[in-house]
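Written below as structure tokens is the structure these notes are about.
A, B, ... follow the sequence lines: proteins, then strands. Residue 1 opens every chain.
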Amino acid sequence: MSKVSLVVDGYLVQAEPGETLLDAARRAGVEVPTLCFHERTGTRGLCRLCVVEVEGWGRPVPACATEAQPNLVVRTETEALAALRRVVLELLALETDLSHDAGTQTLLKRYAAHPQRWSAPLADRREREPVHDNPFFVRDYAKCYTCRRCIDACGEGVQGVWAYGTTGRGHAAVPGTPLDLPLPETPCVFCGNCLQVCPTGALVPLEELSLAEGGLS
Amino acid sequence: MDSAPLLLPMLDAALAARGYLEPADIEAAAREARLPLARAWEAVRFYPRYRTEPPEKRFLLVDDPVVRARDFAQLWAELEDAAPRAEAHADTVYSQGLEAVGPALVIEEGARWRVFAPVQAADLQALAMGKLPPHELEALPPELARGGGDLFEPPDPLPEFSGADALISAVREAGLRGLGGALFPAWRKLEAVRAEAADAKYVVVNGDESEPGNFKDRWLMEHNPRLVWAGAALAARAVGASEIIFYVRGEYAAARARVEAARAELEASGYFEELKTQTFRGGGLYVCGEESALLESIEGRRAEPRLKPPYPAQAGLFDRPTLVNNVETLAHLAWIAAHGAEAYRQRLPKLFSISGDVARPGVYELPLGTPLAGALEAAGGDPEDLQAVLLGGAAGTFLRLPEAAELPLDFAAPQLSGDAVGPGALVAFTGDRDLWAVAEGIAAFFAHESCGKCFPCSLGTPHLHAAVARRERGPQTEELFLALEQGSLCGLGQAAPWAVRSLIRRFEGVRT
Ligand code: SF4
Ligand code: SF4
Ligand code: SF4
Ligand code: FES
């Protein structure tokens, strides 16, 4: 199949058929900011940080979930996009403990985010207690931004185990276990896939935690 | 239908038996539906009716744009005061399609709802003494359809199928559009599904009308379901579908019972021939009306909008080509099949749900293009007395009167983002009503209904609500509007700021 030619931020790009706008942008040397996207789990389209403008289309589209098409003219950094990303990042930082999430912190700087301008947090996400229910890792959902990578990694994306699902709606949506059971009572096989894909530090191995806290107890 | 039984109806059966779900009910339903337990649990923790504890008795004040403009605060204070004395919990529930007959109260015991409307402050006080309000309402009064209309009449005789080409070209000539709000040309959807080759195709009737201000689909489901079924059957034949699923808003018990009774009658009379049909109880959330979220919920998942493409016409229910049409659209389709495109074009009927400050709130069939003032006058409203109309519903905009009086109610291009006839709600407000209170109710509604899939909406709608509650306006609020409108995955988050933004721009004369 022939390559797909399109323009990203003024550069002509030859994308492979089936590639996304995110891939195409990378070919042009442009790193579109992403939060939820993950190659291996197939997670995409949720955070909307990667939205880009396509000439002639209405709303911006998520680069991670939009296939490259011939002759598109794509812009990945405009004032409007920066403003949109800034608001999403600010609200995210306001409502979530991002202290262990270096990636998002870098983006907060890149977009000159000031979460404080939205006054106080509204959701009670930050008050969530860490779940210690297994000998291997902690689930600290005060740090979770509900990207659902862990759910995809465990469920249909990778493992096919289904130890997790999404619970709640709106800002209260968060991963949980079936019937709220402790992980050892779910089908979990402690493969560690979910830890590997978690971007926020919400899922941390116990060893790392105790090391960070100054040695084994 | 794929061979495994559907999850939600099984959960509902357990719910009806006990009033709440035990772990064993959920495990059994997951097993039967051949879903991982985590999937079934997602559904339980998503749809509000699946409680896992014995439910307490609840008094629910219906929160809609009409009551918000009037005495919501006072009624709520009365209810909060009375409920504990009747050993009940006071809460609110969003619009139940009762804008024309409210204010309304729901009394919930176990899985059972009783609706009372209209209620007054004194009725709520009397709850404390164990007295029920005087007017119980099972369904919308039939006479709420006012002034007569073609779509109010049951089909007699039932329209016959004249072949796919004939039907689709009649729909095309008639100029029929999707009347759930999207206004997409109906014939294109029919053609798209028809063109697909697949082992199974579905027609899904979207009867999830949940947008505050709208109740015309509710009326049709309660009082003319045969016409809608006829439209669905014709559409199914035209696209080559083998099964119709009629999705009725979860809270609408009478609508569901009547849709099901009409189905059973039509089936017994042989009208459906080889077509399989079923009535499905919806999830009970606004987002279920988004067509792909609706399909997810039939499949037993969280009603979260899918990323598109693919569109339902290509990969819909169980990945099969699926025609999803709104209740009113299919009623029109049946009428067109019976009377022809020419007769339809002469009438161009459209249903409007008219409520608020008009003398005769109700469902009106008016020709498309009727000026706004004409529609209000038909319902006994005096455009001179009115300051504003909420056009479309919660996902709509405020228009200012008298400036907008001559605006034709048709499908023409919008002037402000969000201006559209949409599903056809008109909520009228006289000069003494507080439009900010209405906007605040709408913002609360969106924050409550956000499904939680995408970040801009799940994070942004609570902050939008807070900003509207503080009557905030200014550049920072506008940034939030844009993040929601431009960043959200589906129409819910995109439309959340429209009403308040139109209020700021049109009534305050400032461009934020
Ligand atoms: S460790 Fe358990 S929960 Fe995490 S991916 Fe593996 S099986 Fe799933
Ligand atoms: S726990 Fe980590 S991977 Fe899972 S949703 Fe939260 S942030 Fe994403
Ligand atoms: S816009 Fe809101 S309702 Fe729609 S997908 Fe996003 S979170 Fe869900
Ligand atoms: S990275 Fe594309 S939507 Fe999250």
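- Results of the side-chain contact (heavy atoms from CB on, under 4.5 Å) test with A:His171 over B:Pro462, B:Ser450, B:Cys457 single out B:Pro462 as the only residue that passes.
- With chain B as partner, the option from A:Val88, A:Leu122, A:Leu84, A:Thr186 having the largest number of non-hydrogen pairs under 4.5 angstrom is A:Leu122.
- Contact of B:Pro309 with chain A is not made at all, since no heavy-atom distance falls under 4.5 Å.
- The distance from atom SG of A:Cys47 to atom CG of B:Leu459, rounded to the nearest 0.5 Å, is 11.0 Å.
- In terms of heavy-atom pairs under 4.5 angstrom with chain B, the leader among A:Gly165, A:Gly168, A:Ala83 is A:Gly168.
- No other option in A:Cys147, A:Pro187, A:Gly170 has as many heavy-atom pairs under 4.5 Å with chain B as A:Gly170.
- For the pair A:Leu35 and B:Phe455, the tightest heavy-atom approach, listed with the atom from each and the gap, is CD1-CE2, 4.1 Å.
- The two atoms that bring B:Ser488 and A:Arg48 nearest to each other are O-NH2, 3.8 Å, heavy atoms only.
- In summary, B:Glu449 and A:Arg169 do not engage in a salt bridge, as defined by a charged side-chain N under 4.0 Å from a carboxylate O.
- Heavy-atom distances place both the backbone and the side chain of B:Leu37 under 4.5 Å from chain A.
- Once rounded to the nearest 0.5 Å, the distance linking CG of A:Leu49 with SG of B:Cys454 reads 12.0 Å.
- With 3.5 Å as the limit, one finds no donor-acceptor pair spanning the side chains of B:His463 and A:Glu90.
- By number of non-hydrogen pairs under 4.5 angstrom with chain A, the leading residue of B:Leu484, B:Ile26, B:Thr461, B:Leu480 is B:Leu480.
- Counting heavy-atom pairs under 4.5 Å between each of B:Gln486, B:Glu479, B:Gln476 and chain A puts B:Gln476 at the top.
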Practice prompt. List the steps and the verdict of side-chain contact (heavy atoms from CB on, under 4.5 Å) for B:Arg301 and A:Thr166.
Written response: CA-CA 10 Å; B:Arg301 300 155 78 112; A:Thr166 310; over 6 Å; no
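- Counting heavy-atom pairs under 4.5 Å between each of A:Leu181, A:Leu94, A:Asp180, A:Val174 and chain B puts A:Asp180 at the top.
- For a residue to count as touching a neighbouring chain, one of its non-hydrogen atoms must lie under 4.5 Å from one of that chain's; by this rule B:His448 touches chain A with backbone and side chain alike.
- Side-chain contact between B:Glu42 and A:Thr167 is absent, with no heavy atoms from C-beta onward closer than 4.5 Å.
- Neither the backbone nor the side chain of A:Arg85 comes within less than 4.5 Å of any heavy atom of chain B.
- For A:Arg44, the parts lying under 4.5 angstrom from a heavy atom of chain B are both the backbone and the side chain.
- Between chain A and the residues B:Arg302, B:Lys453, B:Glu27, B:Arg45, the largest count of heavy-atom pairs under 4.5 Å involves B:Arg302.
- What you find for A:Ala173 and B:Gly452 is that their closest heavy atoms are CB-O, 4.1 Å.
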